[in-house]
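Input: a single structure, listed below in structure tokens.
On a predicted model such as this, the values are computed, not experimentally measured, just so you know.
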Amino acid sequence: MTFPFHMTSITSRENAQVKAWRRLAQESHAYRKLGQIWLEGEHLCSAAQQAGLAVHTLVLSQSRWDAQELERWWPAAVSGGRSDGRLAVVVLEDSLFAHVSGLESAAGLAYVLARTDVPDQLQAGVATVVLDRLQDAGNVGAILRCAAAFGFKQIVALQGTAALWSPKVLRAGMGAHFGLNLVEQATHGDVAALAVPLLITSSHDGAYVHKADLPWPCAWVMGHEGQGVSEALSALPHTPVRIAQPGGQESLNVATAAAICLHASAATWA
């Protein structure tokens, strides 16, 4: 099989592209500044491939570079890594790939996407999860996985929420990103414009989630790990819902609460 690609081998840490990729792989907000997203490892690359996302560049370590690996990881779509429309394939020495990688053990495989090639325009009328200043990347990634699993189509993250395409959130999301429309740095006005019923968890108010008559589609609001949902969001028309905790714990981890609530919503229509 013949593949239309242009292959480059890089050996220097001082290469400008290598420096940019290292930032993408290791810094939470670099993708916003550089306009690209770094996906490392077989699981994320496979998920992106299956979703048909356009790939700008395929990056392989020297030890992974061969025809079989190229065929296996040839992307479903190419976003124009070069002006001639061919995929850019870059081979890095193993030690250089490890230098770029944000993983403890470098995978030797990465896709580079253009940030403009992932959906991020607010959609009204669809099942949504609103993240209100959630700061822990693991929690955010876990909620994305729950959202994708339970039929939600959109994540709306307010300013102050962990960067959705950061390396840590990507790893925690385990490929869930590619089945969701991800809107970042949203405003309270964006939440009001969702045009679906708003559900907000409460520790003391509202029906218990396992007994509540939950609407579909809807938007669940998950609040800051310590402060909960902001007063501004709570002032919007909404339905309070609470989770039964017969064991008497003061609160649940926000990702755990999200899993319970989103599953309850899914059960109403599945």
Side-chain angles (χ1 to χ4, degrees), residues 24 27-39 44 47-48 51 53 113-201 217-236 238 252-259 261-262 265:
L24 291 174
E27 297 178 17
S28 295
H29 299 278
Y31 69 93
R32 293 176 179 168
K33 301 172 184 176
L34 299 177
Q36 294 182 328
I37 297 167
W38 173 270
L39 305 178
L44 284 177
L53 290 185
L113 312 180
R115 190 183 176 196
T116 53
D117 286 335
V118 296
D120 64 355
Q121 297 300 308
L122 187 77
Q123 298 175 2
V126 303
T128 299
V129 181
V130 178
L131 306 181
D132 180 19
R133 299 163 297 128
L134 272 67
Q135 297 182 340
D136 183 85
N139 282 338
V140 171
I143 292 174
L144 264 61
R145 291 182 70 182
C146 291
F150 297 136
F152 287 77
K153 300 301 182 184
Q154 179 168 244
I155 301 293
V156 173
L158 273 69
Q159 189 169 7
T161 299
L164 297 186
W165 291 98
S166 68
K168 289 183 178 179
V169 174
L170 275 164
R171 290 197 290 273
M174 294 290 287
H177 288 68
F178 312 128
L180 297 165
N181 183 53
L182 303 177
V183 181
E184 293 197 283
Q185 298 178 299
T187 66
H188 297 142
D190 292 327
V191 176
L194 287 172
V196 292
L198 208 62
L199 304 176
I200 295 181
T201 55
C218 65
W220 279 99
V221 181
M222 299 296 155
H224 181 277
E225 288 88 347
Q227 301 168 11
V229 177
S230 70
E231 291 184 6
L233 281 182
S234 296
L236 294 175
H238 72 275
L252 293 172
N253 170 273
V254 65
T256 301
C261 293
L262 303 190
S265 280

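In this structure, the side-chain hydrogen bond (donor to acceptor under 3.5 Å, both in side chains) partners of Arg133, at least two apart in sequence or on a different chain, are Gln227. By the side-chain hydrogen bond (donor to acceptor under 3.5 Å, both in side chains) test, Thr187 is found to be paired with Asp190, residues two or more places apart in sequence or in another chain being considered. For Ala259, the side-chain contact (heavy atoms from CB on, under 4.5 Å) partners are Cys146, not counting sequence neighbours. Partners of Trp38 under the side-chain hydrogen bond (donor to acceptor under 3.5 Å, both in side chains) rule, at least two apart in sequence or in another chain, are Glu40. Scanning for side-chain contact (heavy atoms from CB on, under 4.5 Å) contacts around Gln135 gives His224, Glu225, with sequence neighbours left out.
Smallest separation of non-hydrogen atoms from Val254 and Gly223: CG2-O, 3.7 Å. In this structure, Ile200 and Ser234 approach most closely via the heavy-atom pair CD1-CA, 4.0 Å. When all heavy atoms of Ala193 and Ala124 are compared, the closest pair comes out as O-CB, 3.6 Å. Nearest approach of His238 to Leu236, heavy atoms of both residues: ND1-O, 2.8 Å. Among all heavy-atom pairs drawn from Gly151 and Ala127, the shortest one is O-CB, 4.3 Å. The heavy-atom pair separating Val156 from Leu194 by the smallest distance is CG2-CD2, 4.2 Å.
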Determine all donor-acceptor pairs shorter than 3.5 Å in which one atom belongs to a side chain in residues 169-186; sequence neighbours excluded.
| from | atom 1 | to | atom 2 | distance (Å) |
| --- | --- | --- | --- | --- |
| His177 | NE2 | Leu164 | O | 2.6 |
| Asn181 | OD1 | Asp120 | N | 3.3 |
| Asn181 | ND2 | Gln121 | O | 2.8 |
| Asn181 | ND2 | Gln154 | OE1 | 2.8 |
| Glu184 | OE1 | Tyr31 | OH | 2.8 |
| Glu184 | OE1 | Arg115 | NH2 | 3.2 |
| Glu184 | OE2 | Tyr31 | OH | 2.8 |
| Glu184 | OE2 | Arg32 | NH2 | 2.9 |
| Glu184 | OE2 | Leu164 | N | 2.8 |

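One distance of note links CD1 of Ile37 with CG of Asp117; it measures 8.5 Å at 0.5 Å rounding. To the nearest 0.5 Å, the span separating CG on Leu34 from NE2 on His29 amounts to 13.0 Å. From Leu53, atom CG reaches atom CG of Leu113 across 6.0 Å, with rounding to the nearest 0.5 Å. The CG atom of Asn139 sits 8.0 Å away from the OG1 atom of Thr256 when rounded to the nearest 0.5 Å. Atom-to-atom distance recorded for Ser166:OG and Leu24:CG is 12.0 Å, nearest 0.5 angstrom. Atom CE of Met222 is separated from atom OG1 of Thr161 by 12.5 Å, given to the nearest 0.5 angstrom.
Proximity of Thr201 to Cys261: side-chain heavy atoms (C-beta onward) are separated by under 4.5 Å at one or more points. Residues Leu131 and Val129 are in side-chain contact: their nearest non-hydrogen atoms beyond the backbone lie under 4.5 Å apart. Side-chain contact between Leu233 and Leu158 is present, with at least one heavy-atom pair separated by less than 4.5 Å.
A side-chain donor-acceptor contact under 3.5 Å links Asp132 to the backbone of Ser230.
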